[in-house]
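One structure is given here, and the rest of the page talks about it.
Remember, it's 1-based here, ligands and their atoms both numbered in the order they're listed. Counting from 1, the numbers follow the sequence of the chain as shown.
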Amino acid sequence: MMPFNQPSPTLGNQYRDDRVLRSYLARSLPPEVLKSVEPSLVELGDFAGGLLYEMQLADRLNEPSLTQWSAWGERIDRIEVSPLWRTAERIAAEHGLVATAYERAHGRFSRVHQCALAYLFTASTDIYSCPLAMTDGAARTLLNSGNQSLIERVVPHFVTRDPSQFWTSGQWMTEATGGSDVGLSETIARQDEAGAWRLYGRKWFTSATTAQVALTLARPEGNTAGGRGLALFFVQTRDEQGRLRNICVNRLKNKLGTRKVPTAELTLDGTPAELVKGTTEGVRNIAPMLNCTRLWNGISAVALMRRGLALARDYARKRFAFGAALAAQPLHLDTLANMQAEMEGAFHIAFYVAELVGREETGEIEEAPRQLLRLLTPVMKLTTAKQAVLVASETLEAFGGAGYVEDTGLPMLLRDSQVLPIWEGTTNVLALDALRVLAREGGAFAALKAEVQGCAGEARDEQLVQAVRLATEAVAHAETWLAEATKEGQPMLEAGARRLAQTLGRALSLALLVRHAQWSLDYEQDARAAAAAKRYAQAGIDLIVPVGPDDALALMNDR
Ligand SMILES: Cc1cc2nc3c(=O)[nH]c(=O)nc-3n(C[C@H](O)[C@H](O)[C@H](O)COP(=O)(O)OP(=O)(O)OC[C@H]3O[C@@H](n4cnc5c(N)ncnc54)[C@H](O)[C@@H]3O)c2cc1C
């Protein structure tokens with residue numbers, strides 16, 4: 001008798017097979033824009049589910065390598081990335097993964113188009129989204145800086161579709177003293193005899209270290225301590241001969257996930273650098289980069305969730321247990337449906353932020369949505385990142401033992417998702433950021449509330465009306481809590497900031513999902529988004545509970 005072999009899960013065209021993406025684009029893009037962008041999505045969707053996915057599986061064991069010394073004793077610090085990553089760089093340039101947002105062929109909709117491309121591309125390229133996010137962020141930061149010399153010399157390389165001209169950028173902020181508290185940075189900037197700036201210090205986490213350029217923070221000698229005393233610098237990593245410019249790659253980090261991403265510890269020892277914008281306020285000046293990478297983080301979170309679901313659904317049709325396919329087992333179906341609902345909620349809030357970014361970039365944004373964007377950038381990032389970890393964990397379980405076995409390629413989904421709540425601001429740090437936005441931008445909360453109410457007002461299906469009520473109630477509770485906690489003082493506010501931010505994130509994502517679901521019922525006669533909305537509503541929207549800093553302090557003490 002032949003031994004039993006389990007067929008592996010397979011993927012189809014990742015655009016054509018994606019009801020959520022296609023339905024969203026049909027609602028949010030004008031028909032002529034959709035018609036124009038769709039071929040690019042079909043093409044990338046085909047690649048992502050076909051050739052690129054095959055390459056990804058074949059590339060599983062390849063990792064970046066660092067060669068520090070040549071055979072003849074010269075310090076070279078050469079990093080080689082995996083074949084998949086080399087291909088990903090070319091495809092990213094050719095398909096305009098960064099360029100699309102800057103060519104702006106479709107005005108404010110170009111950001112949504114770019115994010116749809118990123119969403120299709122990310123899950124098959126082992127987090128090549130990391131250098132792309134930083135490159136996109138660097139382009140935005142330089143353009144915002146008004147530094148004409150850098151804009152003319154550098155930005156064209158970020159936004160080209162010609163792979164031979166394409167540059168990526170690093171973002172060197174984190175030092176051993178602190179990643180969240182970058183104001184503690186110890187890197188010093190000093191002018192040499194010729195007046196050129198040189199950097200001296202150690203950068204503790206620098207991803208995609210093969211980048212041609214980087215934006216980094218350093219303190220010009222004599223500047224005050226803290227974030228304000230830091231300046232934003234531009235670094236070209238190599239000279240004309242391809243040698244690193246007074247940069248030592250001390251080692252590559254040995255990480256849980258994102259293992260294709262070369263993340264290095266660097267020593268800067270007189271690295272030539274250019275000021276981007278003034279000799280202070282570096283943290284403020286690099287903010288556009290962080291806003292951009294946080295959007296990419298959200299899109300990557302949704303992309304990884306979607307990939308897990310695509311594989312788990314396919315597998316459920318092939319795997320039999322107790323006399324029937326898993327896809328026919330009510331509890332397995334229910335489990336997958338809950339994951340799908342999480343993914344759909346995350347999808348709508350991430351793409352909603354992309355819409356707002358597109359409007360801001362083209363100047364088509366009023367004050368209220370601008371303030372809302374400031375609030376949602378951290379809120380969306382932290383909400384979707386947590387969802388991605390949860391869904392990835394469930395994805396592995398949905399495969400049973402196979403989900404835990406390395407050569408299925410599945411464990412990577414969990415490991416790669418786990419970085420999403422850590423980099424670009426941890427959950428707590430972003431929750432505190434959201435608190436600051438609420439205090440600074442007086443209209444941000446009202447704008448969020450209005451958006452949730454606007455979505456609720458569009459619901460007519462009785463079950464959607466009930467579902468979205470949980471969102472409006474959660475926002476009302478958040479408002480009351482915020483007012484009371486503000487009176488109680490900073491420790492109470494900070495202690496509850498994560499629950500507040502997640503409640504706002506989950507409430508808005510539910511409301512946006514409901515709005516889409518009503519549209520889908522009306523225009524597509526499709527009840528699946530409504531089914532997702534109903535489940536999402538039951539999965540916990542209002543996370544605010546009456547606890548505070550006192551019992552937390554007590555619980556810290558374990559003796
Ligand atoms: C794979 C990977 C790649 C990375 N790539 C880069 C890169 O390219 N460039 C770069 O600059 N950085 C990079 N980082 C660093 C990353 O951004 C930082 O690790 C992150 O910002 C957290 O900083 P930290 O590690 O110093 O942790 P810490 O700041 O020490 O935080 C430790 C914990 O304390 C919490 N915490 C801190 N402050 C507060 C507070 N006030 N209230 C409540 N909780 C708080 C945090 O939430 C966290 O849970 C990368 C990290 C990883 C894992």
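- Taking all heavy atoms of Gly179, Ala431, Ser185, Ser207 into account, the minimum distance to atom 4 (C) of ligand 1 is reached by Ser207.
- Listed by atom number, the atoms of ligand 1 under 4.0 Å from Leu432 heavy atoms are 40 (C), 41 (N), 42 (N).
- For Arg140 and Phe158, the positive end is not near the middle of the six-membered ring at less than 6.0 Å and at most 45° from its axis.
- Short contacts between ligand 1 and Met173, defined as distances under 4.0 Å to a heavy atom of the residue, involve ligand atoms 10 (C), 11 (O).
- Checking atom 12 (N) of ligand 1 against the protein gives a heavy-atom contact under 4.0 Å.
- Close contacts between ligand 1 and Gln171 involve ligand atoms 7 (C), 8 (O), 9 (N), 10 (C), 11 (O) [criterion: under 4.0 Å to a heavy atom].
- Judged purely by atom type and a 3.5 angstrom limit, Thr271 has no side-chain atom pairing as donor or acceptor with the backbone of Leu268.
- Between the side chain of Arg219 and the backbone N or O of Gly226, at least one donor-acceptor pair lies under 3.5 Å.
- By heavy-atom distance, the residue among Leu217, Thr174, Val429, Thr426 lying nearest atom 47 (O) of ligand 1 is Thr426.
- Under 4.0 angstrom from ligand 1, the non-hydrogen atoms of Lys255 all belong to its side chain.
- When Ile188, Ile247, Asn246, Thr216 are each tested for a side-chain contact (heavy atoms from CB on, under 4.5 Å) with Leu199, only one passes: Thr216.
- Remark: ligand 1 atoms within the under-4.0 Å shell around heavy atoms of Trp423 are 1 (C), 2 (C), 3 (C), 4 (C), 17 (O).
- Atom CD1 of Ile349 is separated from atom NZ of Lys381 by 13.5 Å, given to the nearest 0.5 angstrom.
- Under the 4.0 Å distance rule, the nearest protein heavy atom to atom 16 (C) of ligand 1 falls inside the cut-off.
- Applying the 4.0 Å criterion to heavy atoms of Ile422 picks out, from ligand 1, the atoms 20 (C).
- Here the protein heavy atom with the shortest distance to atom 45 (C) of ligand 1 is Asn428 CB, 4.3 Å.
- Looking only at side-chain heavy atoms (C-beta outward), Leu448 and Val475 come within less than 4.5 Å of each other.
- For Glu94, the CD atom is densely surrounded, since the number of other residues' heavy atoms within 6.0 Å is greater than 12.
- For the pair Thr503/His477, no side-chain contact is recorded, criterion being any heavy-atom separation below 4.5 Å from C-beta on.
- Within ligand 1, the atoms closer than 4.0 Å to a non-hydrogen atom of Thr258 are 1 (C), numbered from 1 in the order shown.
- Of the protein's non-hydrogen atoms, Phe205 CD2, 3.4 Å is the one closest to atom 50 (C) of ligand 1.
- Ligand-side atoms of ligand 1 in range of Gly178: 26 (O), range being under 4.0 angstrom from any heavy atom.
- There is no side-chain donor-acceptor pair under 3.5 Å between Glu265 and Thr206.
- For the pair Arg190 and Tyr200, the cation-pi criterion (under 6.0 Å, within 45° of the ring axis) is fulfilled.
- Between Phe347 and Tyr119, the distance separating the two ring centers is shorter than 6.0 angstrom.
- Comparing Ala214, Ser180, Ala495 by heavy-atom distance to atom 37 (C) of ligand 1, the nearest is Ser180.
- The part of Thr206 lying near ligand 1 is the backbone, judged by heavy-atom distances below 4.0 Å.
- Within the 4.0 Å heavy-atom criterion, neither part of Val261 lies near ligand 1.
- Not a single protein heavy atom sits closer than 4.0 Å to atom 32 (C) of ligand 1.
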